[in-house]
Amino acid sequence: MNPISARFSRITGTGSFLPPRRLSNDDLAAQLAEQGIETSDQWIVERTGIRARHFAAPDVTSSDLAFEAAKRALDAAKLDAAEIDLIIVATSTPDMVFPSVACMVQEKLGVQGCPAFDVQAVCSGFVYALTVADSMIRTGAARKALVIGAEVFSRILDFKDRTTCVLFGDGAGAVVLEASDTPGILASELHADGRHVDILCVPGHVSGGSVLGDPLLKMDGQAVFKLAVGVLEDVARAVLAKAERTDADIDWLIPHQANIRIMQSTARKLKLPMDKVIVTVDQHGNTSAASIPLALDEAVRGGKIKRGDTVLLEGVGGGFTWGAVLLDL
Ligand code: UT7
């Protein structure tokens with residue numbers, strides 16, 4: 001057998017970081033009330049399950065959060081940054097138009113030489129990035145990868161639009177993915193449908209030295225909700241079939257943390273009780289590409305998810321993009 005095709009990838013360490021400033025729904029509602037925008041803890045909890053989110057200080061960027069998460073993942077994997085030979089960051093809120101956040105993380109880690117690049121698939125970004133890293137490890141292009149999701153969505157929120165500004169937060173999560181003789185990542189499924197670009201977007205862009213168009217987040221929440229509940233069941237079934245596993249093999253589901261009602265619907269369809277679903281949306285809000293690795297790290301450090309457990313990660317978001325990764329931790 002070809003030794004390269006026999007190679008698998010496995011998560012050997014997780015880490016995460018939340019900026020210290022935490023706003024409860026009441027804190028945010030009070031802040032919005034000063035601008036004449038009305039919302040309430042009750043509405044936010046009932047419609048989304050969100051109770052609090054973290055916002056980064058004005059001078060803190062995605063690469064700062066990513067660096068903190070990466071250090072923790074490296075410590076957990078007992079690796080030195082110099083041993084990493086691939087860095088991928090999933091983000092839609094980079095520090096600059098270019099270069100990539102991944103290159104800035106590489107610089108902050110004090111290492112040079114290995115490939116470093118960003119993946120932009122909005123809230124599906126982490127499952128996309130993990131799939132790319134897994135593929136590169138399987139083909140022998142890398143052996144020890146840092147895969148990070150990092151966001152400062154607070155920068156692109158329209159605080160005059162109560163239908164979106166209460167939903168998102170900032171943070172970062174990271175994993176170390178290493179070549180392994182045993183799996184690891186069992187199967188992945190990635191999808192996109194560009195017909196739905198407009199339902200979740202930040203339409204502004206830089207041109208001729210100015211920002212043209214609106215640089216703040218726009219979302220048709222109901223359209224996103226309806227698409228999300230449909231594709232999350234389909235992609236879960238597809239990735240299970242690819243790995244020749246069934247619903248009954250799932251120890252833990254980590255869906256993208258956007259809305260507790262979407263997670264409950266997915267769990268119901270997969271016949272999983274909610275105590276097998278990792279939920280952090282209540283404390284983090286929607287941190288886009290950071291939400292899945294943040295939830296994974298909290299569940300690992302909290303002792304819920306243990307080595308050997310079978311975990312289904314599911315992302316969904318702007319693009320429209322969606323995807324899933326099934327793995328044995
Ligand atoms: O990360 C990518 C994935 N993103 C998602 O998965 C988000 C998916 N969508 C959602 O989670 C939900 O659609 C929302 C949470 C965004 C909205 O929930 P909804 O149940 O679809 O509410 P709605 O948009 O139908 O609004 C219901 C009412 C409206 O009032 P009227 O027209 O019924 O009088 C809104 O104006 O709630 C009102 N409303 C609010 N009220 C208080 C909307 N936002 C707020 C608010 N506070 N923050």
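If you read the sequence from its start, that first residue is 1, and numbering goes on from there. Indexing begins at 1, ligand by ligand and atom by atom, following the structure's order.
Within 4.0 Å of atom 45 (C) of ligand 1, at least one protein heavy atom is present. The nearest protein heavy atom to atom 18 (O) of ligand 1 is closer than 4.0 Å. Within a 4.0 Å radius of atom 30 (O) of ligand 1, the protein contributes no heavy atom. In this structure, atom 11 (O) of ligand 1 is in close contact with the protein, since a protein heavy atom lies within 4.0 Å of it. There is a protein heavy atom closer than 4.0 angstrom to atom 6 (O) of ligand 1.
Of the protein's heavy atoms, Thr48 CG2, 3.5 Å lies nearest to atom 15 (C) of ligand 1. At the top of the distance list for atom 47 (N) of ligand 1, counting protein heavy atoms only, stands Thr39 OG1, 2.7 Å. The single protein non-hydrogen atom nearest to atom 1 (O) of ligand 1 is Asn286 ND2, 2.6 Å, given as residue, atom name and distance. Scanning the protein for heavy atoms near atom 36 (O) of ligand 1, the closest one is Arg162 NH2, 3.2 Å. Scanning all protein heavy atoms for the shortest distance to atom 22 (O) of ligand 1 gives Arg47 NH1, 3.4 Å. Scanning the protein heavy atoms around atom 21 (O) of ligand 1, the nearest turns out to be Gln222 CG, 3.3 Å. When only non-hydrogen protein atoms are considered, atom 3 (C) of ligand 1 lies nearest to Val224 CG1, 3.7 Å. In this structure, the protein non-hydrogen atom closest to atom 9 (N) of ligand 1 is Gly221 O, 3.0 Å.
Val89 places none of its side-chain heavy atoms less than 4.5 Å from the side chain of Val119. Taking the side chain as every heavy atom from C-beta outward, Thr280 and Leu294 never approach each other to under 4.5 Å. A 4.5 Å side-chain heavy-atom check between Leu200 and Leu217 finds at least one atom pair inside the cut-off. By the 4.5 Å heavy-atom criterion applied to side chains, Leu177 and Ile185 are counted as neighbours. Looking at Met104 and Asp95, their side chains come closer than 4.5 Å, going by heavy atoms from C-beta outward. Between Asp27 and Ser24 the shortest side-chain heavy-atom distance falls below 4.5 Å.
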Exercise. Evaluate the salt bridge (Lys or Arg N to Asp or Glu O under 4.0 Å) criterion for residues Asp75 and Lys71: first the C-alpha distance (whole Å), next the side-chain angles of each, then the deciding distance (0.1 Å), finally the verdict.
Key: CA-CA 6 Å; Asp75 282 350; Lys71 279 194 299 187; over 6 Å; no
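Annotation for ligand 1: atoms under 4.0 Å from non-hydrogen atoms of Val166 are 48 (N). Ligand 1 places these atoms under 4.0 Å from at least one heavy atom of Leu167: 16 (C).
Distance alone, capped at 3.5 Å, is enough to place a donor-acceptor pair between the Thr139 side chain and the Ser135 backbone. Of the possible polar contacts, none joining the Glu244 side chain to the Lys242 backbone as a donor-acceptor pair under 3.5 Å is found. Using a distance-only test at 3.5 Å, with no hydrogens or angles considered, a donor-acceptor pair links the side chain of Asp118 to the main chain of Val101.
Under the 30°/60° scheme for interplanar angles, the aromatic rings of Trp322 and His191 are found to lie parallel.
Ligand 1 has no nitrogen or oxygen under 3.5 angstrom from a nitrogen or oxygen of Cys123. When only interatomic distances are considered, the shortest N/O to N/O separation between Trp43 and ligand 1 falls below 3.5 Å. The N/O atoms of His256, backbone and side chain alike, include one that comes under 3.5 Å of an N/O atom in ligand 1.
Residue-level proximity to ligand 1 for Val122 is absent, since no heavy atom of it falls below 4.0 angstrom.
Among Arg245, Arg10, Arg307, the single residue meeting the side chain to side chain donor-acceptor pair (under 3.5 Å) criterion with Asp328 is Arg245.
The shortest heavy-atom distance from Thr164 to ligand 1 is not under 4.0 Å. Within the 4.0 Å heavy-atom cutoff, Ile262 counts among the residues contacting ligand 1.
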